[in-house]
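This chain uses plain numbering: 1 for the first residue, then up along the sequence.
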Amino acid sequence: MHFDHNQADELTWAASAEPLVSSPESAQPEAAHLGTAHPDAPQARLHLHASFASQYLPDKRDILVYVPPGYDREAERSYPVLYLNDGQNLFDPRTSFIPGRTWQVQEHADAAVLAGEVEPLLIVGIYNTPARLSEYTHERDGKMGGGKAAQYGLTLTEEILPFIAERFRVRTDRDSTGLGGSSLGGLVTLYLGLRHAQIFGKLAVLSPSVWWNHKSILGYVNELSPQIWDRPRVWLDVGDKEGRRTLDDAEALNRRLKANRWVPGKSLHFERVHGGTHDEGSWAKRVRAMLKFLFPAADDAT
């Protein structure tokens, strides 16, 4: 099987995954307890829950939660929430795959919220594990393995979502709950977003690895779409410098979604990012626009 350079990067990432960053094991917190404040977080608005264990998957994972400006002052307010895969690449330059390079999620979310572009929201970064390739792929490939995304989905929907809802003031309805990721994280976002469409109403699919297992995700869109009564709102993008195969695959996915009644400008936004590459620095530049499409402030909502 031939791989382009982005596919090779995916496999390198999975093969070289390091153990989770060492952090104190948290005692089970009370319902009102937010967790351990991240040591580098301004205003202590990043909260770390270390070594989260699942009954569905063997590896523990850290969870890092961003709360928006004003969260502590507005004690009666509840918020929408976006769950993002590859959580160690989102906020903390010490834990990112390429040290020092992150999505800068806190900076972009703060700016968008304070500018009145985006509804204040929580963003939950779910760290990956050494089993990233397996957990983020929906089918087993004969040569590369994988195929544990359904179990990861149970960890997410039956364990992590309730865990967050018990500890933070989040709204749990479908329209207030999003899921997102890039690369293989984008692939598993689309898969789980369709599989659990009754839970996730917003999907952020950045530079998705459509290529996995002979592009079988395209067939999955056809298979699941007729069962979904209300299309989740999808942000889909790809950089025009990510390689011809990745670009063509994302455009094929965009066509497949439109053929299955996603409506551009309403339930679907597709963007070819000029100069966009397959890395955290490029994904960081897309965060603010993605948040504005998925979680627009009330005055901008359509």
Side-chain angles (χ1 to χ4, degrees), residues 1 3-4 6-20 52 54 56-64 82-90 95-98 102-103 124-161 178-197 199-200 203-221 224 232 234-238 242 245-246 249-250 253 278-280 283:
M1 180 181 295
F3 303 115
D4 65 23
N6 289 327
Q7 296 170 18
D9 287 346
E10 285 284 5
L11 300 180
T12 299
W13 190 349
S16 64
E18 297 180 357
L20 296 177
F52 184 90
S54 170
Y56 299 106
L57 293 168
D59 292 310
K60 295 180 179 181
R61 67 203 70 226
D62 288 0
I63 299 172
L64 191 59
L82 174 62
Y83 296 87
L84 291 177
N85 301 304
D86 291 319
Q88 60 262 60
N89 298 323
L90 306 177
T95 62
S96 56
F97 177 62
I98 302 176
T102 74
W103 286 34
V124 178
I126 304 166
Y127 284 38
N128 65 41
T129 73
R132 176 180 185 269
L133 185 143
S134 182
E135 294 178 359
Y136 285 7
T137 52
H138 58 290
E139 294 179 350
R140 181 173 178 82
D141 179 90
K143 294 184 178 180
M144 291 177 287
K148 298 290 187 182
Q151 290 91 324
Y152 177 62
L154 292 174
T155 297
L156 183 61
T157 60
E158 296 190 9
E159 297 177 326
I160 294 178
L161 267 67
L179 179 64
S182 64
S183 206
L184 282 178
L187 175 70
V188 75
T189 291
L190 183 59
Y191 168 72
L192 293 178
L194 299 180
R195 184 179 178 91
H196 300 285
I199 296 175
F200 299 109
L203 305 177
V205 183
L206 287 71
S207 305
S209 297
V210 176
W211 59 269
W212 178 263
N213 196 28
H214 310 288
K215 307 181 187 180
S216 62
I217 192 64
L218 298 178
Y220 192 76
V221 171
L224 266 289
V234 176
W235 167 282
L236 171 63
D237 72 23
V238 65
E242 295 193 48
R245 289 171 182 257
T246 302
D249 287 351
L253 176 55
H278 200 84
D279 55 66
E280 279 68 35
W283 295 320

Hey, are the side chains of [X] and [Y] touching, using non-hydrogen atoms and a 4.5 Å cut-off?
{"X": "Leu253", "Y": "Pro208", "value": "yes"}
{"X": "Trp212", "Y": "Ile217", "value": "no"}
{"X": "Asn89", "Y": "Leu84", "value": "no"}
{"X": "Phe97", "Y": "Asp279", "value": "no"}
{"X": "Glu135", "Y": "Asn128", "value": "no"}
{"X": "Ser216", "Y": "His138", "value": "yes"}
{"X": "Asp59", "Y": "Leu57", "value": "no"}

Could you go step by step and tell me if Ser182 and Asp86 meet the side-chain hydrogen bond (donor to acceptor under 3.5 Å, both in side chains) rule?
-> CA-CA 8 Å; Ser182 64; Asp86 291 319; 4.7 Å; no
Partner set under side chain to side chain donor-acceptor pair (under 3.5 Å) for [X], not counting sequence neighbours:
{"X": "Tyr191", "result": "Arg195"}
{"X": "Trp103", "result": "none"}
{"X": "Thr157", "result": "none"}
{"X": "Glu159", "result": "Ser54"}

How long is the span from the [atom1] atom in [X] to the [atom2] atom in [Y], to the nearest 0.5 Å?
{"X": "Ile126", "Y": "Gln88", "atom1": "CD1", "atom2": "CD", "value": "11.0 Å"}
{"X": "Thr155", "Y": "Leu161", "atom1": "OG1", "atom2": "CG", "value": "11.5 Å"}
{"X": "Leu206", "Y": "His278", "atom1": "CG", "atom2": "NE2", "value": "10.0 Å"}
{"X": "Arg61", "Y": "Arg132", "atom1": "CZ", "atom2": "CZ", "value": "12.0 Å"}
{"X": "Asn213", "Y": "Arg140", "atom1": "CG", "atom2": "CZ", "value": "10.5 Å"}
{"X": "Tyr83", "Y": "Ile160", "atom1": "OH", "atom2": "CD1", "value": "8.5 Å"}

Please confirm whether the backbone N or O of [Y] pairs with a side-chain atom of [X], one donor and one acceptor, at under 3.5 Å?
{"X": "Ser207", "Y": "Val238", "value": "no"}
{"X": "Trp283", "Y": "Gly181", "value": "no"}
{"X": "Asp141", "Y": "Met144", "value": "yes"}
{"X": "Asp62", "Y": "Phe52", "value": "no"}

Residue pairs involving residues 184-193 (criterion salt bridge (Lys or Arg N to Asp or Glu O under 4.0 Å); sequence neighbours excluded) =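 As it turns out, there is no salt bridge (Lys or Arg N to Asp or Glu O under 4.0 Å) pair with a partner in residues 184-193 once direct neighbours are skipped.
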Tell me the closest heavy-atom pair linking [X] and [Y], and the distance in Å.
{"X": "Leu203", "Y": "Pro232", "result": "CD1-CG, 4.0 Å"}
{"X": "Thr189", "Y": "Asn85", "result": "OG1-ND2, 3.1 Å"}
{"X": "Ser209", "Y": "Leu184", "result": "OG-N, 3.2 Å"}

Kindly write out the residues that satisfy side chain to side chain contact (heavy atoms under 4.5 Å, CB included) with [X], not counting sequence neighbours, or none if the list is empty.
{"X": "Leu154", "result": "Tyr56, Glu158"}
{"X": "Ile98", "result": "Arg101, Glu280"}
{"X": "Thr102", "result": "Pro93, Ser96, Gln104"}

Listed partners of Tyr152 passing ring-ring contact (aromatic ring centres under 6.0 Å, His included), at least two apart |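 Result, ring-ring contact (aromatic ring centres under 6.0 Å, His included) vs Tyr152: Tyr136.
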